[in-house]
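Lettering follows sequence order; numbering is per chain, from 1.
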There are 2 protein chains.
Amino acid sequence: MSAIVVGSRARYSARARLRALQTDIMDLILERELDSGDPLPTENELAAELGVGRNTLRESLKVLQAVGVIEIRHGFGMFVAPSGFDALADGMAFHGRLSLRHEGHEAEQLVDVRQALEAGLIGASIDAVTTEQMQRIEAAVMKMEEAADRGETFAEADAEFHRLLFEPLGNDLLMNLMAVFWKVYRKIHVEIGVDEVDLVHTAAEHRRIYEAVAAKDKPLASELLSRHFDGIRAKIKRVVAER
Amino acid sequence: MSAIVVGSRARYSARARLRALQTDIMDLILERELDSGDPLPTENELAAELGVGRNTLRESLKVLQAVGVIEIRHGFGMFVAPSGFDALADGMAFHGRLSLRHEGHEAEQLVDVRQALEAGLIGASIDAVTTEQMQRIEAAVMKMEEAADRGETFAEADAEFHRLLFEPLGNDLLMNLMAVFWKVYRKIHVEIGVDEVDLVHTAAEHRRIYEAVAAKDKPLASELLSRHFDGIRAKIKRVVAER
DNA sequence: GGTTATCGGATGTAGGACGTCCGATGCTGG
DNA sequence: CCAGCATCGGACGTCCTACATCCGATAACC
């Protein structure tokens with residue numbers, strides 16, 4: 001059963017062959033109706049079944065693990081991954097940092113996408129948010145304000161704020177994407193400094209956004225979020241110009 | 001020079017070690033100020049430098065290639081990859097297909113994200129679009145209409161339409177995210193049939209969106225796009241319910 | 001001078017050997 | 001009878017060797 005086509009992977013370029021191997025593995029998972037958490041065949045079985053050496057197979061498996069398709073547990077086995085695009089953050093962060101040495105275009109693209117996502121979905125999130133969640137959001141705001149007063153940076157609270165803001169939607173994909181964006185932003189953030197004026201200003205921005213959400217004012221919340229990202233974009237431009 | 005720390009990769013779990021190896025490679029690129037298109041050391045040199053075997057190194061290199069950090073050319077060498085937010089596609093498309101077998105929640109989440117992106121960014125795209133690009137968009141619309149008249153499906157033209165709609169922004173990340181959606185949607189499309197009513201209706205929807213863009217009416221275009229995705233979401237719900 | 005042949009280096013693939021980790025089995029002692 | 005521990009077996013992790021394949025470049029040839 002599950003007749004895996006082997007011969008099709010014949011005389012393409014090396015990259016295409018590796019890619020074909022990856023899709024073969026994914027197809028195998030789908031054909032056998034495996035689900036998140038289900039175990040995959042062992043490496044040796046897979047290698048025999050797909051007609052490739054264990055080394056070649058492992059290279060594909062590692063890629064699939066990196067893009068969140070499978071999970072590999074040392075000494076136990078391989079499983080269909082629940083979700084999560086962790087490793088992708090590295091690649092995107094890398095290009096973001098690389099682009100800062102030029103025009104910073106790729107870093108800006110990240111901000112553009114995040115801006116559209118957050119500004120576009122805040123309305124739906126306002127509809128779904130509970131009072132308990134609102135309290136946690138305000139707590140994050142207060143943490144940012146306190147840190148700003150002490151002149152300390154507050155990357156954690158900032159991330160927490162944005163995460164909590166869209167948690168009510170229950171959209172795992174969105175949360176994963178935002179986690180990725182945040183990892184990238186943090187890496188970039190390290191390369192540039194932040195002065196105290198920025199800290200207080202940023203904290204105040206988040207306070208206003210929180211108040212708009214609390215008041216269920218969707219257009220205002222969307223507008224404030226959008227402008228928040230305009231500020232981030234301006235900061236990136238400034239950093240690029242300085243070098 | 002470029003004293004690469006080897007000892008730090010000592011006694012962690014396997015996954016952490018592989019991840020550390022990847023960041024070591026990326027750090028090496030950044031430390032040596034390599035740029036897009038610059039060559040990396042050979043596999044053997046890197047393996048020796050980082051203190052790992054060639055096989056272990058290759059697994060990391062393949063991952064970095066998959067996430068778009070480096071480019072590997074058989075028989076020639078490895079290079080820092082030129083731009084690129086590719087790679088999200090495979091993992092997300094896989095999980096989208098996986099979820100279709102259940103409630104289709106991830107597929108719906110995908111639509112939610114895309115809705116926010118397209119509705120939120122169409123305004124900026126309207127500002128940037130050229131007349132030449134508008135002509136290509138209309139051509140895609142006509143192709144859809146002609147196919148609908150013949151009772152044929154037009155997934156390609158549909159994808160082309162949305163791609164052209166946001167090409168003016170020059171945002172690679174956005175284009176890749178949209179490509180992901182189409183990979184998933186194409187799979188759905190294949191698994192079910194579409195009736196002719198849907199075809200004509202969908203083609204007409206795209207015609208109206210095109211006209212709104214041509215008239216530079218940003219709010220209308222955003223609204224039409226948003227409703228277009230409402231329809232898609234309903235269709236996915238129907239597909240999931242049928243099984 | 002242009003074309004072709006060959007060469008060298010780099011990546012691609014395969015297979016084997018051994019290390020490391022983890023869960024499970026079964027033993028031991030209370 | 002049960003809890004804790006030791007052992008075992010399977011599966012992934014790493015490394016090495018050997019050879020295949022590919023590509024660019026040099027050199028030979030017409």
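Residues forming a side chain to side chain donor-acceptor pair (under 3.5 Å) with A:E118 (at least two apart in sequence, or on another chain): A:R114, A:H162. Listed by chain and number, the residues in a salt bridge (Lys or Arg N to Asp or Glu O under 4.0 Å) with A:D112 are A:R233 (sequence neighbours excluded). Under the rule for a side chain to side chain donor-acceptor pair (under 3.5 Å), the partners of B:E132 that lie at least two apart in sequence or sit in another chain are B:R136. In terms of the salt bridge (Lys or Arg N to Asp or Glu O under 4.0 Å) criterion, residue partners of B:E156 (sequence neighbours excluded) are, by chain and number, B:R186. By the side chain to side chain donor-acceptor pair (under 3.5 Å) test, B:N55 is found to be paired with A:N55, residues two or more places apart in sequence or in another chain being considered.
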In the 5'-to-3' direction, what one-character label does each nucleotide of nucleotides 5-14 of chain C receive under the scheme B = base within less than 4.0 Å of a protein heavy atom, S = sugar-phosphate only, - = no such atom?
----BBBBBB
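Between the CZ atom of A:F79 and the P atom of D:dA11 there is a distance of 11 Å, rounded to whole Å.
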